[in-house]
Amino acid sequence: QVQLVESGGGLVQTGGSLRLSCAASGRTFRNYGMGWFRQAPGKEREFVAAISWSGGSTYYADSVKGRFTISRDNAKNTVYLQMNSLKPEDTAVYYCAATSSAHGLGKSNEYDYWGQGTQVTVSS
């Protein structure tokens, strides 16, 4: 089992920045690829960003490319999502997730463990 706890969400104005953190406990963190997903009211959960177990590969949704950066610190069992130039359409509950799969990091059904989510609200 892997337990994931997100933090860092909040209310920010358009153009602002937030850094989300996801702390993992349980099984060996560095064995897992990690992803961030989000779900806005009335919409399906969508992929945001992912990072391989080593941190050597990162993947982004087109909607956040160039604005968001995913990183991980395996010594701290933590994955981060730095979000810059935020837009109202980024408003959603953000979830981190862990996968033992080396492929398909952009697909939510590849993930084994999920956090409870943290709310991000971007005001216009």
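For the atom pair CZ (Arg19) and OG (Ser71), the distance works out to 7.0 Å, reported to the nearest 0.5 Å. To the nearest 0.5 Å, atom CG of residue Leu11 and atom CG of residue Leu18 are 9.0 Å apart. Distance check, rounded to the nearest 0.5 Å: CD of Gln13 to OG of Ser124 gives 9.5 Å. Here the OH atom belonging to Tyr113 is positioned 13.5 Å from the SG atom belonging to Cys96, to the nearest 0.5 angstrom. Taking CD1 of Ile70 as the start and OG of Ser57 as the end, the distance is 11.5 Å to the nearest 0.5 Å. Atoms OG and OH, from Ser52 and Tyr59 in turn, are 6.0 Å apart once rounded to the nearest 0.5 Å.
Criterion: ILVMFWY side-chain heavy atoms under 4.5 Å apart, direct or through other members. Under it, Ile51 and Trp114 are not part of a common hydrophobic cluster. Taken together through direct or relayed side-chain contacts under 4.5 Å among Ile, Leu, Val, Met, Phe, Trp and Tyr, Phe47 and Tyr94 form parts of separate hydrophobic clusters. Under the 4.5 Å side-chain heavy-atom criterion for ILVMFWY residues, no single connected hydrophobic cluster contains both Trp53 and Val2. Under the 4.5 Å side-chain contact rule for hydrophobic residues, Val48 and Tyr60 share a cluster.
Side-chain atoms of Gln116 and Glu6, non-hydrogen and from C-beta on, do get closer than 4.5 Å to each other. Between Trp36 and Met83 the shortest side-chain heavy-atom distance does not fall below 4.5 Å. Looking at heavy atoms from C-beta onward, Leu86 lies in side-chain contact with Phe68 at the 4.5 angstrom threshold. Between Pro88 and Thr14, the closest side-chain pair of non-hydrogen atoms falls below 4.5 Å. Contact check for Thr99 versus Leu105: side-chain heavy atoms found under the 4.5 Å cut-off. Between Asp90 and Arg38 there is a side-chain heavy-atom pair separated by less than 4.5 Å.
Counting non-hydrogen atoms of neighbouring residues, nucleotides and ligands closer than 6.0 angstrom, the NZ atom of Lys43 reaches no more than 12 such neighbours.
At distances below 3.5 Å, at least one donor-acceptor pair connects side-chain atoms of Arg67 with backbone N or O atoms of Ser85. At least one donor-acceptor pair closer than 3.5 Å links the side chain of Ser101 to the backbone N or O of His103. Without hydrogens or angle criteria, Thr91 side chain to Val122 main chain gives a donor-acceptor distance under 3.5 Å.
Minimum interatomic distance between Ala98 and Met34 (heavy atoms only, all atoms of both residues): CB-SD, 3.6 Å. What you find for Leu4 and Ala97 is that their closest heavy atoms are CD1-CA, 3.7 Å. Here the closest heavy-atom approach between residue Phe29 and residue Val79 is recorded as CZ-N, 4.1 Å. Residues Ala49 and Leu81 share a closest heavy-atom pair of CB-CD1, 4.1 Å. Across Val93 and Gly117, no two heavy atoms sit closer than the pair CG1-CA, 3.8 Å. Residue Ser100 comes nearest to Asp112 through the heavy atom pair N-OD2, 2.9 Å, listed as atom of the first residue, atom of the second, then distance.
With ring centers used as reference points, Phe37 lies under 6.0 Å from Tyr111.
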